[in-house]
Trainee: 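Pasting in a structure now, in structure tokens, and then I'll have a few things to ask.
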Amino acid sequence: MRILVVGAGAIGGYFGGRLLQSGADVTFLVRPRRASELAGAGLVIRSPAGDVTLANPPTVQADALKQHFDVVLLSCKAFDLDDAIASFAPAVGPNTAIIPLLNGMKHLDVLDERFGRARVLGGLCAIAATLNDNREVVQLQPMQSLSFGERDGGSSDRVRAIFEIFQRGNFNASASDHIMQDMWEKWVFLASLAASTTLMRAPVGVILTAPGGKDFLLGMLDECSAVAAAAGYAPAGAFFQRVSGMITAEGSPMTASMFRDLRAGLPVEADHVIGDLVARADAAKVPVPRLRISYTQLKVYEAQRGK
């Protein structure tokens with residue numbers, strides 16, 4: 001099974017690297033600068049699960065991509081989706097399965113329109129990782145999971161075949177029978193955390209020390225959950241209890257990656273993670289006043305940095 005990993009940044013580099021380490025047939029689709037870095041220093045992963053240096057990993061650049069792949073693992077940021085699609089499109093054949101790891105749901109419509117719904121699986125990952133100054137992939141916390149599945153539910157021959165490969169990687173891989181529910185629950189958690197920490201410019205623990213901080217955080221979670229419920233994917237009770245505990249943990253340093261990107265002056269996924277929820281809330285007539293204010297301030301940020 002030939003796997004094309006689009007990009008070799010923090011997410012693609014980690015999961016693609018672990019698959020390559022396990023013996024899978026992996027090629028990284030990268031830009032010239034990243035290709036040069038990987039050819040020189042290799043793909044380096046620093047991780048609580050074990051460090052590894054993969055010398056001269058297989059790479060290809062967009063202008064040389066001619067062959068079809070069995071799986072395309074897509075982990076770009078939402079604002080890079082159009083460019084990513086243009087780069088990996090030649091790799092998509094009649095039987096290619098695309099596994100997007102982007103946040104939210106908006107990317108599914110874009111991929112469906114370009115490649116057809118049958119080729120696009122659901123997918124999500126949970127990992128905190130970044131590239132350090134040496135361009136090494138650094139895993140910041142022990143969590144490292146990747147889930148995927150058929151969007152209509154159940155299993156399939158292709159999902160089982162992909163899982164057979166993925167489970168050999170040094171990460172928690174799962175083939176989900178309810179991937180859309182999983183994706184919605186991740187979106188609810190991520191949007192609640194991102195909207196809260198970017199609006200307040202502080203981690204969860206600091207927000208909790210402010211008057212009304214706990215009510216604000218739980219209110220944001222309620223709003224995001226209400227949008228999911230209106231779409232037919234109400235978060236399960238166990239999920240809601242777990243996430244409620246996480247965002248009300250005193251002293252928690254937890255923030256969203258969007259908060260860290262904003263603090264660094266980088267682009268943020270305002271439209272994909274927050275704006276799309278607001279749009280779905282409007283369509284379903286679900287009031288989301290906290291979420292709406294957060295989206296407005298993120299758009300102000302984008303306007304000031306020129307996107």
Trainee: Given side chain to side chain contact (heavy atoms under 4.5 Å, CB included), test R31 with Q61 step by step and report yes or no.
Mentor: CA-CA 6 Å; R31 296 188 176 98; Q61 296 178 42; over 6 Å; no
Trainee: Identify whether F79 and V268 are in the same connected component of the hydrophobic contact network (ILVMFWY, side-chain heavy atoms under 4.5 Å).
Mentor: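 Different hydrophobic clusters.
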Trainee: Distance from L291 atom CG to L221 atom CG, nearest 0.5 Å?
Mentor: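 Those atoms lie 11.5 Å apart.
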Trainee: Over all heavy atoms of both residues, which pair between S87 and A84 is shortest? Give the atoms and the distance, please.
Mentor: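 Looking at all heavy atoms of both residues, the shortest contact is OG-O, 2.7 Å.
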Trainee: Under 4.5 Å between any side-chain heavy atoms of D282 and V278, yes or no?
Mentor: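 Yes, close enough: below the 4.5 Å cut-off.
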Trainee: Do T96 side-chain atoms and G93 backbone N/O form a donor-acceptor pair below 3.5 Å?
Mentor: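 Side chain of T96 to backbone of G93: a pair is present.
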Trainee: If you count the non-hydrogen atoms of other residues, nucleotides and ligands that lie under 6.0 Å from CZ in R135, is the total more than 12?
Mentor: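 Correct, the count exceeds 12.
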Trainee: Using the ring of F171 (Phe, Tyr or Trp, six-membered ring only), decide whether R18 places NZ or CZ under 6.0 Å from its centre and within 45 degrees of its axis.
Mentor: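 So R18 doesn't make the cation-pi contact.
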Trainee: For G16 and V5, work out which heavy atoms get closest and say how close.
Mentor: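 Heavy atoms only, the tightest pair is CA-CG2, 3.9 Å.
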Trainee: Give, for atom CG of D177 and atom OG of S155, the distance between the pair rounded to the nearest 0.5 Å.
Mentor: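 The distance works out to 6.0 Å.
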Trainee: Any link between V206 and L217 through a network of hydrophobic side chains (Ile, Leu, Val, Met, Phe, Trp, Tyr) touching at under 4.5 Å?
Mentor: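 In one cluster with V206: L217, no.
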Trainee: State whether the number of non-hydrogen atoms from other residues, nucleotides or ligands found under 6.0 Å of R263 atom CZ is greater than 12.
Mentor: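 It does not: R263 CZ has 12 such atoms or fewer within range.
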Trainee: So, do V44 and V137 sit near enough that their side-chain heavy atoms are less than 4.5 Å apart?
Mentor: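 In short, these two side chains do not touch, never coming nearer than 4.5 Å.
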Trainee: Hey, does the side chain of K186 reach the backbone of C125 with a donor-acceptor pair shorter than 3.5 angstrom?
Mentor: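 Looks like yes, one N/O pair under 3.5 Å.
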Trainee: Do V6 and C76 come within less than 4.5 Å of each other through their side chains, counting heavy atoms only?
Mentor: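 Not touching, per the 4.5 Å side-chain cut-off.
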Trainee: Check this for me: E113, atom CD, are more than 12 non-hydrogen atoms of other residues, nucleotides or ligands nearer than 6.0 Å?
Mentor: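 Incorrect, the count does not exceed 12.
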Trainee: Could you go through K106 and D276, starting from their C-alpha distance and side-chain angles, then the distance that decides it, and tell me whether this counts as salt bridge (Lys or Arg N to Asp or Glu O under 4.0 Å)?
Mentor: CA-CA 7 Å; K106 198 171 184 179; D276 192 33; 5.4 Å; no
Trainee: Decide yes or no for L20 and F28: does some side-chain heavy atom of the first lie under 4.5 Å from some side-chain heavy atom of the second?
Mentor: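 When only atoms from C-beta onward are counted, F28 and L20 do touch, with a gap below 4.5 Å.
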Trainee: Which pair of non-hydrogen atoms, one from F259 and one from A202, has the smallest distance, and what is that distance?
Mentor: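 For F259 versus A202, the nearest heavy atoms are CE1-N, 3.4 Å.
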Trainee: Does the side chain to side chain contact (heavy atoms under 4.5 Å, CB included) test come out yes or no for F88 and F115, once each step is laid out?
Mentor: CA-CA 11 Å; F88 75 77; F115 299 108; 3.5 Å; yes
Trainee: Does the T197 side chain pair with the main chain of L193, one donor and one acceptor, at a distance under 3.5 Å?
Mentor: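 Looks like yes, one N/O pair under 3.5 Å.
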Trainee: Give a yes or no answer on whether the side chain of R290 reaches the backbone of E223 with a donor-acceptor pair at less than 3.5 Å.
Mentor: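 A pair under 3.5 Å: no.
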Trainee: Strictly distance-based, threshold 3.5 Å: is any side-chain N or O of E136 a donor or acceptor partner for the main-chain N or O of R46?
Mentor: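 Not at all, since once roles are kept as given, no pair shorter than 3.5 Å links the two residues.
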Trainee: Do D51 and I45 come close enough that some side-chain heavy atom pair is under 4.5 Å?
Mentor: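 A side-chain contact is absent here, since even the closest heavy-atom pair is not under 4.5 Å.
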Trainee: Given L124 and D182, is the side chain to side chain contact (heavy atoms under 4.5 Å, CB included) satisfied, shown in steps?
Mentor: CA-CA 8 Å; L124 61 91; D182 300 338; 3.6 Å; yes
Trainee: Would you check, one step at a time, whether the test salt bridge (Lys or Arg N to Asp or Glu O under 4.0 Å) holds for R158 with E150?
Mentor: CA-CA 9 Å; R158 65 175 176 175; E150 299 289 350; 2.7 Å; yes
Trainee: Could you tell me whether the side chain of Q167 and the main chain of A173 form a donor-acceptor pair under 3.5 Å?
Mentor: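 Such a contact is absent between Q167 side chain and A173 backbone.
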Trainee: Which one of N103, L108, L102 satisfies the side chain to side chain contact (heavy atoms under 4.5 Å, CB included) criterion with M183?
Mentor: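 Only one option passes, and that is L108.
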Trainee: When you look at I247 and S196, which way does the side chain to side chain contact (heavy atoms under 4.5 Å, CB included) test go after all the steps?
Mentor: CA-CA 10 Å; I247 67 171; S196 298; over 6 Å; no
Trainee: Decide whether L101 and L131 are clustered together by the hydrophobic rule: side chain heavy atoms of Ile, Leu, Val, Met, Phe, Trp, Tyr closer than 4.5 Å, transitively.
Mentor: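 Shared cluster, yes.
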Trainee: Tell me whether I293 shares a hydrophobic cluster with V288, the cluster being built from Ile, Leu, Val, Met, Phe, Trp, Tyr side chains joined at under 4.5 Å.
Mentor: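 In one cluster: yes.
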Trainee: What is the minimum heavy-atom distance between I85 and V110, and which atoms define it?
Mentor: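 Of all heavy-atom pairs spanning I85 and V110, the closest is CD1-CG1, 3.7 Å.
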Trainee: NZ/K299 to OH/Y301 distance, rounded to the nearest 0.5 angstrom?
Mentor: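 Going from the NZ atom of K299 to the OH atom of Y301 covers 12.0 Å.
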Trainee: Atom CD in Q139, atom OG in S47: separation rounded to 0.5 Å?
Mentor: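 OG of S47 is found 3.5 Å from CD of Q139.
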Trainee: Enumerate donor-acceptor pairs with a distance under 3.5 Å from any side-chain N or O in residues 235-245 to protein atoms, sequence neighbours excluded.
Mentor:
| unit_1 | atom_1 | unit_2 | atom_2 | d |
| --- | --- | --- | --- | --- |
| S244 | OG | F240 | O | 2.7 |

Trainee: For S176, does its backbone N or O pair with a side-chain atom of S174 as donor and acceptor, under 3.5 Å?
Mentor: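 No; judged by distance alone, with no hydrogens or angles, the pair does not exist.
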Trainee: Taking the side chain as C-beta and beyond, is there a heavy-atom pair between L4 and V71 under 4.5 Å?
Mentor: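 No, every pair of side-chain atoms sits at 4.5 Å or beyond.
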Trainee: For F148 and F166, I'd like to know if the aromatic rings sit close, meaning centre-to-centre distance below 6.0 Å.
Mentor: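 Yes, ring centres under 6.0 Å apart.
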Trainee: Do any N or O atoms from the side chain of N56 and from the backbone of G42 form a donor-acceptor pair under 3.5 angstrom?
Mentor: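 No; zero donor-acceptor contacts below 3.5 Å.
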Trainee: Please examine the side chains of V273 and M258, heavy atoms only from C-beta on, and report whether any two atoms are closer than 4.5 Å.
Mentor: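 Counting from C-beta outward, M258 and V273 do come under 4.5 Å.
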Trainee: First locate atom CD1 of I99, then atom CG of L111, and finally report the distance between them rounded to the nearest 0.5 Å.
Mentor: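 I99 CD1 to L111 CG: 12.0 Å, rounded to 0.5 Å.
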Trainee: For the residue pair R117 and D112, what are the closest heavy atoms and their distance?
Mentor: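 So the minimum-distance heavy-atom pair works out to CA-OD1, 3.5 Å.
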Trainee: Please test K77 against D261 for salt bridge (Lys or Arg N to Asp or Glu O under 4.0 Å), starting from the C-alpha separation and ending with a verdict.
Mentor: CA-CA 12 Å; K77 292 285 191 178; D261 289 342; 3.5 Å; yes
Trainee: Out of curiosity, F69 CZ to D25 CG, how far, rounded to the nearest 0.5 Å?
Mentor: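 If I round to the nearest 0.5 Å, the distance is 7.5 Å.
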Trainee: Tell me whether L140 is reachable from L262 by hopping between hydrophobic residues (I, L, V, M, F, W, Y) whose side-chain heavy atoms are closer than 4.5 Å.
Mentor: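 Shared cluster, no.
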Trainee: Who passes side-chain hydrogen bond (donor to acceptor under 3.5 Å, both in side chains) against D157, sequence neighbours left out?
Mentor: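 Once residues adjacent in sequence are excluded, the partners of D157 under the side-chain hydrogen bond (donor to acceptor under 3.5 Å, both in side chains) criterion are R160.
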Trainee: Tell me yes or no: between the side chains of Q297 and T198, is some donor less than 3.5 Å from an acceptor?
Mentor: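 Judged by distance alone, the side chains do pair up.
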Trainee: Distance-only, no hydrogens or angles: does the R151 side chain make a donor-acceptor pair with backbone N or O of G123 under 3.5 Å?
Mentor: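 No, the answer is negative, given that no donor and acceptor are paired below the 3.5 Å cut-off.
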Trainee: Is there a side-chain contact between P267 and R305 in this structure, where contact means two heavy atoms from C-beta onward sitting under 4.5 Å apart?
Mentor: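 Counting from C-beta outward, P267 and R305 do come under 4.5 Å.
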Trainee: Working note: R260 + T255, criterion side chain to side chain donor-acceptor pair (under 3.5 Å); need CA distance, chi angles, decisive distance, verdict.
Mentor: CA-CA 7 Å; R260 297 189 291 273; T255 63; 3.2 Å; yes
Trainee: Minimum heavy-atom separation for L199 and F216, please, with both atom names.
Mentor: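 Taking every non-hydrogen atom into account, CD2-CZ, 3.7 Å.
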Trainee: Examine distances only and state if a side-chain atom of D70 and a backbone atom of R2 form a donor-acceptor pair shorter than 3.5 Å.
Mentor: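 Flag set: sc D70 to bb R2 pair under 3.5 Å.
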